[in-house]
Visitor: 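Here you go, one structure.
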Amino acid sequence: MEITTAIASFAALSQDTRLKAFKLLVSQEPKGLPAGEIARQLSVPHNTMSAHLSVLARAGWVVSKRQSRQIIYRASLSHMEAVVQFLLQDCCAGHPELCASLMDSLGGCEIVKPNNQDSF
């Protein structure tokens, strides 16, 4: 990942509603949520939520798919993984034991990898 891409990704999440929306979508994997439901759960007007979801989509944090009259949004777990790898690529100067507590903190996550984790 290029540093400019990482900066754009961080900028997209550096707003309260967008960060909450992304965290909500992560919690709803792999099903995702309709845009209207995201707006309802976050108490945000639909048109405002649409603008926030567009920012997240342009930055790579969410993917969407039209289902009938709704647009279903999902967190892009592959993008999240790429950003985390970007942050950790030079971690600990060759001493991985220094990152052990970080790796342990991820231990509570259930790892399920479908064939294509960002597709519907």
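Atom set for the values below is all heavy atoms of this structure, side chains included, hydrogens, waters and symmetry mates excluded.
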Visitor: Looking only at atom types and distance, does a side-chain atom of His79 sit under 3.5 Å from a main-chain N or O of Ala59, one as donor and one as acceptor?
Guide: yes
Visitor: Can you measure from CD1 (Ile38) to NE2 (His46) and round to the nearest 0.5 angstrom?
Guide: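 Interatomic distance, Ile38 CD1 to His46 NE2, rounded to 0.5 Å: 11.0 Å.
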Visitor: Does Ser50 reach the main-chain N or O of Asn47 with its side chain, forming a donor-acceptor pair under 3.5 Å?
Guide: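 Not a single qualifying donor-acceptor pair exists.
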Visitor: Which atom names give the shortest non-hydrogen contact between Met49 and Val44, and what distance separates them?
Guide: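 Closest heavy-atom pair between Met49 and Val44: N-CG1, 3.8 Å.
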Visitor: To the nearest 0.5 Å, tell me how far Phe86 CZ sits from Ile7 CD1.
Guide: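 Interatomic distance, Phe86 CZ to Ile7 CD1, rounded to 0.5 Å: 7.5 Å.
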Visitor: Measure the CG-CG distance between Leu19 and Leu24 for me, rounded to the nearest 0.5 Å.
Guide: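 Going from CG on Leu19 over to CG on Leu24, the span is 11.5 Å.
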Visitor: Once rounded to the nearest 0.5 Å, what's the spacing between atom CD of Gln28 and atom NZ of Lys23?
Guide: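 Gln28 atom CD to Lys23 atom NZ measures 13.5 Å (nearest 0.5 Å).
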Visitor: Provide the closest heavy-atom pair for Val26 versus Ala75 in the form atom of the first, atom of the second, distance.
Guide: CG2-CB, 3.7 Å
Visitor: Does the pair Val83 and Thr5 meet the rule for a side-chain contact (heavy atoms from CB on, under 4.5 Å), with working shown?
Guide: CA-CA 9 Å; Val83 171; Thr5 303; over 6 Å; no
Visitor: Honestly curious: do Leu42 and Val55 fall in one hydrophobic cluster under the side-chain, below-4.5 Å linking rule?
Guide: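 Different clusters.
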Visitor: What orientation do Trp61 and Phe22 show, parallel under 30°, tilted 30 to 60°, or perpendicular over 60°?
Guide: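 If you compare the ring of Trp61 with that of Phe22, the planes turn out perpendicular.
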Visitor: Compare every heavy atom of Pro30 with every heavy atom of Arg74, then report the nearest pair and how far apart it is.
Guide: NE-O, 2.9 Å
Visitor: If every non-hydrogen atom of Ser64 is compared with every non-hydrogen atom of Ile71, which pair is closest and at what distance?
Guide: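 Closest approach of Ser64 to Ile71, heavy atoms only: CB-CG2, 3.6 Å.
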Visitor: Val62 versus Ser76: any side-chain heavy-atom pair under 4.5 Å?
Guide: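 Not touching, per the 4.5 Å side-chain cut-off.
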Visitor: Can you pull the salt bridge (Lys or Arg N to Asp or Glu O under 4.0 Å) pairs that have at least one residue in residues 41-55, sequence neighbours excluded?
Guide: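 Output for this query is empty, none listed.
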Visitor: Is there a continuous path of hydrophobic side-chain contacts, each under 4.5 Å between heavy atoms, that joins Tyr73 to Met80?
Guide: yes
Visitor: With Gln15, which residues qualify under side-chain contact (heavy atoms from CB on, under 4.5 Å), at least two apart?
Guide: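 Here the qualifying residues are Thr17, Arg18, His52.
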Visitor: Looking at every heavy atom in both Ala21 and Leu56, which two are closest together, and how far apart are they?
Guide: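 Closest heavy-atom pair between Ala21 and Leu56: CB-CD1, 4.2 Å.
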